[in-house]
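Below: the structure, in structure tokens.
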Amino acid sequence: MSYQFHLTKTQNSSLDKVDFNNIPFGKVFSDHMFMADYINGEWMNFEIKPVAPIPTHPGNMAWHYGQAIFEGMKATRDAEGQALLFRPELHAKRMNASARRMCMPELPEDLFLQAIHTLVDMEKAWIPAQIGSALYIRPFMYATDETIGVKASETFKFVIFVMPVGPYYSQPVNLLAQDTYVRAVVGGVGEAKTAGNYAASLLPATMARKEGYDQVMWLDGVYKKYIQEVGTMNIFFVIGDEVITPNLDGAILAGITRDCILTLLRDKGYKVVERPITIDEVVEADASGRLKEIFGTGTAAVVAPVAKLKYRDTIITLDPNNQKISTLAKDTINGMRNRTIEDKYGWIVPA
Ligand SMILES: *Cc1c(COP(=O)(O)O)cnc(C)c1O
């Protein structure tokens, strides 16, 4: 099925103001955005128009009760300038999984995909050519009923905007394992990509930053010893000859980059396991010399090697220049995204 989008083009593009070699992450927006409304049980009012503030009533339910979900994905380009998407259908499915948990309406996958394709094609001049840079795509949905009183909203807005970004972390990251505050518990909303998970993470993240750490490493909410993930990324450990990542227990966000890396490394013959892993196991592996690498994975950073991990009084340091597996994973994904490395999985989709 093909949907009709109402199109209003900008009269003054800001494209020529962007320095593509030096883009501050998350602060530069392209010219156009996609919008849709959910009213009376139906998605409607599909339009692409200049990026602008969205007027909102003070009683807007999303402000008060937090029905707000999002996705994050990237478009890149190949040497011919063809715009490329990366596993967009998985983002459509995950957005709908988040919607179900937050009592929000699902979007027809073909609508989500058509909106992404149309907007990215329109904004393709905004896709940076530099390796590791990309056009970051942010689809999101929020409640719009103007009602005070806790219940699920009946109306929603779905919006997509895009922004050119450079590499997210250009330096290896330092992590602080947190055993006072928790991000999520099994049965909660940890596996939904919902705004509140981030609100809950800000205080511990700010405390970590004051101590000189980039991100918090979250431990499970019950025993505070099983490693879950870090800020905006899933986490991997190389111990001995094994690559280990925590299994998806319901509190962990099912990262698409995580899935790619599991597939890639298994294919390359590495022993890869998804299982519970405690912070004590990591500390012991380091003490006995078996801890080789730690890296985070997510759309924004792709793969971020960890240089330092602190847990209570223990500080683990790793040589970020000697992380073979994380470098292989990052180069493979970035290479696929520019079509300099073959994609035998069908992950790359022309926009
Ligand atoms: C989005 C996100 C990730 C990474 O998911 P990708 O699909 O790889 O981008 C990891 N953890 C959290 C909490 C996230 O919100």
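When a ligand or atom number is given, it counts from 1 through the structure's own listing order. Bear in mind that the values here come from a model prediction, so they are computed numbers and not experimental data. Along the sequence shown, residues are numbered consecutively beginning with 1.
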**OP:** Mind listing the closest non-hydrogen atom pair of Ala143 and Met61 along with its distance?
**Re:** CB-CB, 4.1 Å

Subject >> salt bridge (Lys or Arg N to Asp or Glu O under 4.0 Å) assessment of Glu229 paired with Arg258 >> reply: CA-CA 11 Å; Glu229 57 181 306; Arg258 175 187 180 279; over 6 Å; no

**OP:** Name the option, out of Arg258, Gln228, Arg94, that contains the heavy atom nearest to atom 7 (O) of ligand 1.
**Re:** Arg94

Original post:
For ligand 1, which atoms sit closer than 4.0 Å to a heavy atom of Gly298?
Top reply: 4 (C), 8 (O), 9 (O)

Subject >> atom 5 (O) of ligand 1 - nearest protein heavy atom and its distance >> reply: Gly255 CA, 3.4 Å

Original post:
With a 4.0 Å cut-off on heavy atoms, does Gly231 reach ligand 1?
Top reply: yes

Original post:
Do Tyr345 and Asp267 have side-chain N/O donor and acceptor atoms under 3.5 Å apart?
Top reply: yes

**OP:** Please tell me if the side chains of Val28 and Lys17 come closer than 4.5 Å, counting only heavy atoms from C-beta onward.
**Re:** no

**OP:** Select one of side chain, backbone, both or neither to describe which atoms of Glu229 lie under 4.0 Å from any atom of ligand 1, heavy atoms only.
**Re:** side chain

Original post:
With a 3.5 Å cut-off and no angle check, do the side chains of Glu123 and Ser30 form a donor-acceptor pair?
Top reply: yes

Original post:
For atom 8 (O) of ligand 1, which protein heavy atom lies nearest, and how many Å away is it?
Top reply: Thr257 OG1, 2.6 Å

Subject >> Distance-only N or O hit between ligand 1 and Tyr198, under 3.5 Å >> reply: yes

Original post:
What about Ile256: any of its N or O atoms under 3.5 Å from an N or O on ligand 1?
Top reply: yes

Subject >> Shortest protein contact, atom 4 (C) of ligand 1 (heavy atom only) >> reply: Thr232 O, 3.7 Å

Subject >> ligand 1 to Thr297 polar contact by distance, N or O atoms, under 3.5 Å >> reply: no

Original post:
Looking at side-chain heavy atoms only, is the closest gap between Leu264 and Tyr270 below 4.5 Å?
Top reply: no

Original post:
Are any of the N or O atoms of His91 closer than 3.5 Å to those of ligand 1?
Top reply: no

Subject >> Among Arg94, Lys193, Arg138, the one residue meeting salt bridge (charged side-chain N to carboxylate O under 4.0 Å, His left out) with Glu71 >> reply: Arg94

Subject >> Carboxylate-amine/guanidinium contact Lys324 Glu293, below 4.0 Å >> reply: no

**OP:** Distance to 0.1 Å, residue and atom name: give those for the protein heavy atom nearest to atom 9 (O) of ligand 1.
**Re:** Thr299 OG1, 2.6 Å

**OP:** List the closest protein heavy-atom neighbour of atom 2 (C) of ligand 1: residue, atom name, distance to the nearest 0.1 Å.
**Re:** Lys193 NZ, 2.6 Å

Subject >> Location of contacts on Arg183 toward ligand 1, heavy atoms closer than 4.0 Å >> reply: side chain

Subject >> Asp179: which of Arg312, Lys224, Lys225 passes salt bridge (charged side-chain N to carboxylate O under 4.0 Å, His left out) >> reply: Arg312

